Asks: 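Below: one structure in structure tokens.
Since the model is a prediction, treat every value here as computed from it, not as a measurement. By convention in this document, chain letters (A, B, ...) are assigned in the order of the sequence lines, proteins followed by strands, and residues within each chain are numbered from 1.
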2 protein chains.
Amino acid sequence: MANDRPNQGQGIGLKAVADELGLSQSTVSRALRNHPSIPAATRERVAQAAKRMGYAPNARARGLAIGRTEAIGLVFPLERLRLVQTNFVDVLSGISDVVTERGYNLLLSPFRDDEASVLRRLATSRMVDGLIITRPLVHDPRIRLLADTGIPFVVHGRSDVDIPYSYVDVDNFEIFRRLAELLLDYGHTRIAALNSYRRFRYAAARAAGYRAAMDSRRQPVDPDLVLETAMTEEDGVACAARLLSLPEPPTAIICGSIFLAKGVYRAAAEAGLQIGRDLSVVAHDDQLRGISAADFVPALTATQLSVEMAGRRLAEILIDRIEGKLGDDPVGEVSRPDLILRESVGRR
Amino acid sequence: MANDRPNQGQGIGLKAVADELGLSQSTVSRALRNHPSIPAATRERVAQAAKRMGYAPNARARGLAIGRTEAIGLVFPLERLRLVQTNFVDVLSGISDVVTERGYNLLLSPFRDDEASVLRRLATSRMVDGLIITRPLVHDPRIRLLADTGIPFVVHGRSDVDIPYSYVDVDNFEIFRRLAELLLDYGHTRIAALNSYRRFRYAAARAAGYRAAMDSRRQPVDPDLVLETAMTEEDGVACAARLLSLPEPPTAIICGSIFLAKGVYRAAAEAGLQIGRDLSVVAHDDQLRGISAADFVPALTATQLSVEMAGRRLAEILIDRIEGKLGDDPVGEVSRPDLILRESVGRR
DNA sequence: TTGAAAGCGCTAACAA
DNA sequence: TTGTTAGCGCTTTCAA
């Protein structure tokens with residue numbers, strides 16, 4: 001025997017219900033899942049008995065039989081959960097919503113350093129039906145890894161790899177391009193950019209967008225004004241302080257996140273500069289819960305795009321794919337940001 | 001046939017490895033799991049082949065065979081993830097840590113309203129080996145529900161039910177008692193308490209602790225000074241404003257959370273009151289990431305106890321229980337808080 | 001030390 | 001409309 005406690009020691013299984021009613025397991029199984037071949041009368045009897053006896057299907061056995069678990073996985077660095085200033089919880093919130101709506105479960109797999117092995121294990125063990133990965137690098141090895149296992153997956157963001165894959169992304173090039181052009185329109189030329197680390201594809205795209213805007217106006221790009229940093233308030237303070245102490249400081253700053261912008265506001269206040277008059281600030285806003293560009297004083301001009309909505313789309317696409325509701329071709333969605341003009345920008 | 005793509009369409013299974021080596025499935029299975037009956041030589045050969053062929057065990061099948069999944073579940077209201085001011089993420093972080101260390105997976109099941117059915121489904125479907133539940137009510141029906149299914153579970157907090165269960169809790173009675181006594185020691189008698197909703201066991205315990213302290217000093221409890229509220233900064237502002245506009249306002253306020261305290265600080269500032277001189281404030285501090293009682297101005301006197309550590313213990317106890325490392329008797333752990341004196345309290 | 005075979009609880013093809 | 005039967009991929013007993 002494989003197990004000394006049949007049926008996990010508890011359960012009323014299909015067998016018990018079938019015996020009780022003098023039916024076969026398969027009839028009971030079909031009745032419970034509303035198979036058309038089962039007449040209403042039988043279906044009713046079975047439903048009654050199942051309920052009375054407290055029958056609950058065993059997900060492990062069902063998963064093995066149908067080849068699906070009805071769960072999707074999300075692998076992420078433990079750190080991101082700990083971070084206070086992160087959009088991770090908002091993405092997760094969007095994913096959770098859809099997962100609930102569609103009757104799936106969400107398997108969270110945190111990792112400390114070796115993401116690849118966690119991903120591989122999850123994918124090949126068929127513990128989940130599909131996976132979501134986030135924050136891809138410019139050339140992200142995870143995509144090939146997952147494609148090779150054959151498991152359905154969706155990427156939050158894009159990566160420059162030569163295999164097709166599904167993704168949900170925002171137009172990061174456009175985000176920084178528009179923010180830079182806005183500032184150029186207002187007469188600024190010494191425009192600083194606080195960007196994330198360029199190994200991440202989204203940051204690389206933003207850097208390119210910034211450069212494109214500057215190039216199109218024949219403005220030189222001063223490398224001292226382009227900083228790579230984490231997206232937190234503290235880093236915003238530090239970067240701004242550094243920029244403002246330059247011999248020829250910027251008159252405007254583009255921030256990759258709203259947290260960064262908050263830090264810049266603080267640094268400006270300390271330096272006695274008034275935002276919108278002495279220093280212009282713009283940012284990209286993920287529309288996170290609990291912090292709003294409109295509530296900044298003065299209100300912050302920003303591109304905006306809900307990252308929670310992105311979470312929703314990620315889960316929707318993944319589940320559709322798992323259920324075969326999408327063709328075999330990968331789908332990609334790129335949202336373009338709205339630019340909301342508020343009071344943090346002034347003429348130079 | 002049950003499935004038109006045997007082995008999920010991909011996988012190198014035990015069978016393939018066995019055939020390759022001219023061994024039986026069972027030998028390969030045992031070799032891979034270091035069964036003592038397998039000689040080192042064979043074990044080695046098998047390990048090589050498995051690696052070379054890219055064998056990965058199918059978790060669904062394994063789970064079915066051994067009756068375990070090596071995953072634990074956490075059911076929580078979708079809302080809590082969305083909340084900015086919540087200790088949920090910190091608890092989750094502690095749980096994640098341990099889950100990773102022990103090689104388990106964490107299944108997050110968000111729900112919108114019908115928690116009971118989500119719990120029951122998770123428990124009876126044997127999708128996970130054990131469950132953690134949080135924020136129990138004074139009489140929490142979930143405990144009986146889970147106990148009836150027979151699944152191992154641990155509660156973050158206690159509940160007054162007459163069945164044994166495992167829990168990790170803090171001494172909430174003691175927390176409010178000590179905070180109140182401290183204020184009484186400083187000569188305060190009009191002491192307000194901002195507590196959570198008393199249907200939650202922890203809030204009920206805190207209310208009792210407050211009352212016990214007052215009673216022991218023969219101080220009457222003014223119902224106007226005891227407020228039930230959510231634990232956010234906004235609510236802190238609102239409650240404090242209300243208390244300060246009383247005909248006979250309190251001279252000291254006990255806050256159930258550090259967020260609440262933050263709001264009280266704000267309201268005091270608006271009212272032109274100086275914390276520590278015109279108004280004394282104390283709080284309980286869950287030691288959340290990103291907000292520290294020591295950083296308040298003036299620094300906040302508080303009881304403290306790491307809620308992340310509680311998360312760790314919850315997972316440790318649950319997994320030990322699943323693996324049979326604990327006896328059959330439930331275990332309960334109650335931590336007592338440290339009281340850290342800072343500058344937010346003054347003599348009346 | 002190894003293999004054959006049964007079984008975990010469920011689904012589904014096929015036959016009746 | 002229902003039952004029989006053969007899996008899903010793995011573990012484990014039992015026998016060799």
Asks: Please report, rounded to the nearest Å, how far the P atom of D:dT11 is from the CG atom of B:Leu64.
Replies: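 Checked: the CG to P distance equals 11 Å.
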
Asks: Rounded to whole angstrom units, what separation is found between the CG atom of B:Leu14 and the P atom of C:dA4?
Replies: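 Between P of C:dA4 and CG of B:Leu14: 14 Å.
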
Asks: Go through the structure and list residues passing side-chain hydrogen bond (donor to acceptor under 3.5 Å, both in side chains) with A:Ser159, not counting sequence neighbours.
Replies: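 Here no residue qualifies.
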
Asks: Please list, chain by chain and in numerical order, all residues satisfying ring pair (Phe, Tyr, Trp, His ring centres under 6.0 Å) with A:Phe88, sequence neighbours excluded.
Replies: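 With sequence neighbours excluded, A:Phe88 shows a ring pair (Phe, Tyr, Trp, His ring centres under 6.0 Å) to A:Phe76, given in chain and number order.
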
Asks: Between residues 47-55 of chain B and DNA chain C, which residues have a heavy-atom gap below 4.0 Å?
Replies: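 Result for residues 47-55 of chain B: none.
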
Asks: Find the distance between CG (A:Leu92) and OG1 (A:Thr86) and round it off to the nearest 0.5 Å.
Replies: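 OG1 of A:Thr86 is found 10.0 Å from CG of A:Leu92.
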
Asks: Tell me the interatomic distance from B:Ile66, atom CD1, to C:dA6, atom P, rounded to whole angstroms.
Replies: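 In whole Å, C:dA6 P lies 23 Å from B:Ile66 CD1.
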
Asks: Taking salt bridge (charged side-chain N to carboxylate O under 4.0 Å, His left out) as the definition, give me every residue that meets it alongside B:Asp169, ordered by chain and number, with sequence neighbours left out.
Replies: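 In terms of salt bridge (charged side-chain N to carboxylate O under 4.0 Å, His left out), with neighbours along the sequence ignored, B:Asp169 is linked to B:Arg158.
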
Asks: Taking atom types as modelled, find out whether A:Arg30 and A:Ser37 have a side-chain donor-acceptor pair closer than 3.5 angstrom.
Replies: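 No, no side-chain donor-acceptor contact under 3.5 Å.
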
Asks: When you compare the protein's N or O atoms with those of nucleotides 2-4 of chain D, which come within less than 3.5 Å of each other, and at what distance?
Replies:
| residue | atom | partner | partner atom | Å |
| --- | --- | --- | --- | --- |
| D:dT2 | OP1 | A:Thr42 | OG1 | 3.3 |
| D:dT2 | OP2 | A:Thr42 | OG1 | 3.3 |
| D:dG3 | OP2 | A:Ser24 | N | 3.0 |
| D:dG3 | OP2 | A:Ser24 | OG | 3.1 |
| D:dG3 | OP2 | A:Thr27 | OG1 | 2.5 |
| D:dG3 | N7 | A:Arg30 | NH2 | 2.8 |
| D:dG3 | O6 | A:Arg30 | NH1 | 2.9 |
| D:dG3 | O6 | A:Arg30 | NH2 | 3.4 |
| D:dT4 | O4 | A:Ser26 | OG | 3.0 |

Asks: Examine the side chains of B:Arg321 and B:Ser166 and answer whether a donor and an acceptor come within less than 3.5 Å of each other.
Replies: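 Yes, B:Ser166 and B:Arg321 have a side-chain donor paired with an acceptor closer than 3.5 Å.
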
Asks: Starting from the 5' end of DNA chain D, give me the residue, B:Arg33 or B:Ala61, whose nearest nucleotide shows up first.
Replies: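 The residue closer to the strand's 5' end, by nearest nucleotide, is B:Ala61.
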
Asks: Between D:dC10 atom C1' and B:Glu70 atom CD, what is the distance in whole Å?
Replies: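 Distance, rounded to whole Å: 13 Å.
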
Asks: If I take atom CD in residue A:Glu44 and atom C1' in nucleotide D:dT1, what distance separates them, rounded to the nearest angstrom?
Replies: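 It is 17 Å, rounded to the nearest whole Å.
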
Asks: Calculate the interatomic distance between A:Leu21 atom CG and D:dT1 atom C1'; express it in whole Å.
Replies: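 It is 16 Å, rounded to the nearest whole Å.
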
Asks: Partners of B:Asp90 by salt bridge (charged side-chain N to carboxylate O under 4.0 Å, His left out), sequence neighbours excluded?
Replies: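 Salt bridge (charged side-chain N to carboxylate O under 4.0 Å, His left out) check on B:Asp90 returns nothing, list empty.
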
Asks: Figure out the CG/P separation between A:Leu32 and C:dA12, and round it to whole Å.
Replies: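 From A:Leu32 CG to C:dA12 P: 13 Å.
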
Asks: Could you measure the distance from the CG atom of A:Asp97 to the CZ atom of A:Arg102? Nearest 0.5 Å is fine.
Replies: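 The distance works out to 13.0 Å.
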
Asks: Can you measure B:Asn58 atom CG to D:dC10 atom C1' for me and round it to whole angstrom units?
Replies: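 Going from CG in B:Asn58 over to C1' in D:dC10 covers 8 Å.
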
Asks: Quick check: does any side chain N or O of B:Thr69 sit under 3.5 Å from a backbone N or O of B:Ala71, one acting as donor and the other as acceptor?
Replies: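 Answer holds: no.
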
